[in-house]
Amino acid sequence: MAFQPLKKSKIKKSVIKMKTLGLDTSSIANDFQQYFCHTLGRDQTCFSSHYPYEAIAYTIRDRLMERWKRTRHAYEKNDCKRTFYLSMEFLMGRAMGNAMLNLGIENEVEEALHHFGLHLEEVMDSEHDAGLGNGGLGRLAACFLDSCATLQLPVRGFGIRYEYGMFRQRIENCEQIEIPDHWLRDGNPWELERPEYQQTIQFGGYTEHYRDDKGNTRARWVSTYDVMAVPYDIPIPGYRNNTVNTLRLWSAKATDEFNLEEFNSGSYTEAVAAKNAAENITMVLYPNDTSENGKELRLRQQYFLASASIKDILREWKEKHGNDFSQFADKNCFQLNDTHPSCSVAELMRILLDEQGMEWDEAWSITTKTMAYTNHTLLPEALEKWSTQLFKQLLPRLLDIIYEINARFLSEVSCRWPGDSERLKAMSIIEEGPDPQVRMAYLAIVGSFSVNGVAELHSQLLKEGLFKQFYDFTPDKFNNKTNGVTQRRWLAWCNPALKKLINHTIGKEWVVDLDQLTQLKAHVNNKKFQQHWHQVKLQNKQRLSELVFNDCGVKFDTDSIFDVQVKRIHEYKRQLLNILHVIHLYDRIKRGDTKNWVNRCVLIGGKSAPGYYMAKSIIKLICNVANVVNNDKSVGDLLKVAFIPNYRVSAMEIICAGTDLSEQISTAGKEASGTGNMKFMMNGAVTIGTLDGANIEIREEAGEDNFILFGLTASEVEETKKNYNPEAYIRNDDDFMRTMKLLESGHFNQFELGAFDAITHSIKNPYDPWMVAADFRTYIDAQKVAAEAFSDKKRWLKMSILNTACSGRFSTDRTMMEYNRDIWKLKKILPTVEKK
Ligand code: 26Q
């Protein structure tokens, strides 16, 4: 046993007390020196930026430790209600800048490092992104944690500590190559291992029934093979408020007993192999941003997260309340980030029934008062399903419970609608068929007291479409919580020049109250302010253009309009429409149709799921078009195109600040919300977009004049689908015709015959669900409007300023206050003040 309890010794509380560490330059410099020279054993001959990074990271982390402890202590002492945010993804990015900002020690750290001849920026660049997420859903979880800590809400994140995060993307021969992201290789100074809180997670085996002391039949899950879940805690500092919340990430470890058994029976290699199998559970993040169904390891991961987290909460509960669960539902809430952690519903039931010996009704009442579910997709094909066969093999006891939940649920439905067997079939948690499936979204809805979408339109469409029958049955569960982003990272941190200008103009309150930005409206016509705004944008465009040159070798001229689309590559997000516009512009240049031309730099970035053929083809098309356009002397500065490899959080921090035009061009009714759209808006980009997801709310806030709209609405999309004829759109539009001709001529795939056939076919397919052809014309026209607006410098500046000024609603502070008001009902808790 690696961790033995102290028997004879007892640590003296009065002596072990934490020191309050100074936040001044000289304290920081002293500690840095201590870590650098003594702990890490380096000196002036050190040539790597890693050790300075590690030393300063520990120095900063030390300053979070005491606040962390005091926050934990306050939650414990208050015995307050708490929320647990369960998510398979937390896309945290880098921690250091955020910690410095929230502690308010950026200048002090910079000065301290300077003292040793070090540049903060270079040192910071040594930090790996924590890429434990695919995209929007994972980054949203990270922004939520930042806002909860800032609002001083007792919220803890639970996730998985993947050894390998989101793959690194390289572009070779215009194609995506996936490279494993071994982000923990050089250690992670931001995590604290907590082996004392490890949990045992069961898999396999079967359900056994037996009689308890009172003669009641009860069930237990036996003959399982077990895996240990070891928690690693990451501090989540609030903004200058001494609160430090926790993100707890679980890592899989083989059990010691298991190894011993195999070992004693003489099968050394089998023992090691089995250890590997157990530890594989948390090895790698699944790189799909829509569900990839049926993968056993993924279901293992999901149950591992659910079981470890719930057991952890019950351990804490029982330490304080013993076996009294009467208050449990009043004091705990589990927010499920999509269906990925929805095994939690059945797992909490299992523990209450089998381990606490509760009756069904009591256990169900507790479960359905504590679970809340957030949906993040409108694509029916993205709803998670698991075959009951796989479930039975891996989690037999959970499947029993799911069947029972379903039986009781369906009997309620049939009371309400007697004899309506079609409805029962449609609403059943089990989808019947040759290979019956567990519908995880239905399990989550039935098991939760709250079901929310992530933008107004999305929540509306859930009620009318995907979950209509559930809405009819329990309308009160359904609600909307429009997403947001944290302005600490996505404005104050990533855009220091704009931060300075805003602070100077309206003060600093906006950092914790983003609605304050409306005060900027008063300055929108002020010449001097406009000039400043322009200079800031130019400076940020310079920074972005350096990034693009380093990563793509393409020169972006800062006088051009910077037209940017960065997000996961997916057909519904329509990067294809973007590149069709680029081809159209190229065609115009080649034809000499360049009157009133506005120079344009188009930047596209994002990762494709490794097995998603169409998305990969789209990346290839973008890169091929970029090569042709950028190497055509007759194009020059009129048009530049770049695909930025390995799009990630730390790249977005530079990209969003330097963008003029934000591309949010998904097929209406498909993007649940989007959050990149909000980051761009906050940093003064103008959106060109469809009426989809949160774009609608962005346009409402910014005003019609400050948003460039195009495309079919969600209901028009459905209407148009009925007799959609893409070839007619092409035929009747000269620009479209020429664009398609260029694409089909092989101009962009000279030595790669047929490389883009699948793409051209998809555009012409009458069943193209993404309706690219239907929106081509209005998109091209809207782009022209954008170019005209940009060429009118004053007008564009005003649009830019107003976008930032109106972005207050899109702070996750607002989002979290709404979750708290309607769902969690937590009290704000201040960290305890330790007596001197
Ligand atoms: C599920 C099962 C198996 C393998 C992978 C998955 C999986 C993983 C990630 C399914 C979905 C995701 C991620 C989804 C996602 O990021 N959705 C986005 O969520 C954002 C935050 O709410 C929204 O703004 C976006 O509109 C939505 O696309």
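Ligands are counted one by one from 1 in listed order, and the atoms in each one are counted from 1 as well. Predicted model only: the values in this text are computed from it and were never measured.
Between Trp386 and Phe391, the gap from one ring centroid to the other reaches at least 6.0 Å. The aromatic ring centroids of Phe304 and Phe203 lie 6.0 Å or more from each other.
Of all the heavy atoms in Cys143 and Thr812, the pair that sits closest is O-OG1, 3.6 Å.
Counting the atoms of ligand 1 from 1 in the order shown, those under 4.0 Å from a heavy atom of Glu89 are 8 (C), 9 (C). Residue-ligand proximity, Ala672 to ligand 1, at heavy-atom distances under 4.0 Å covers atoms 26 (O).
Every N/O-N/O distance between Asn288 and ligand 1 stays at or above 3.5 Å. For Glu671, a nitrogen or oxygen atom sits less than 3.5 Å from a nitrogen or oxygen atom of ligand 1, counting backbone and side chain alike. For the pair His340 and ligand 1, the shortest N or O to N or O distance does not fall below 3.5 Å.
Cation-pi geometry between Arg161 and Tyr232 is met: the NZ or CZ atom falls under 6.0 Å from the ring centre, inside 45° of the normal. Under the 6.0 Å distance and 45° angle rule, Lys607 counts as a cation-pi partner of Phe167.
Remark: distances from the non-hydrogen atoms of Thr377 to ligand 1 are all 4.0 Å or more. For Trp386, the closest heavy-atom approach to ligand 1 does not fall below 4.0 Å. The closest approach between any non-hydrogen atom of His458 and ligand 1 is not below 4.0 Å.
In this structure, Trp770 and His570 have perpendicular ring planes: the angle between them is above 60°, well past the 30° mark.
In Arg298, the part holding a heavy atom less than 4.0 Å from any atom of ligand 1 is the side chain. Looking at Leu137 against ligand 1, both its backbone and its side chain come within 4.0 Å, counting heavy atoms.
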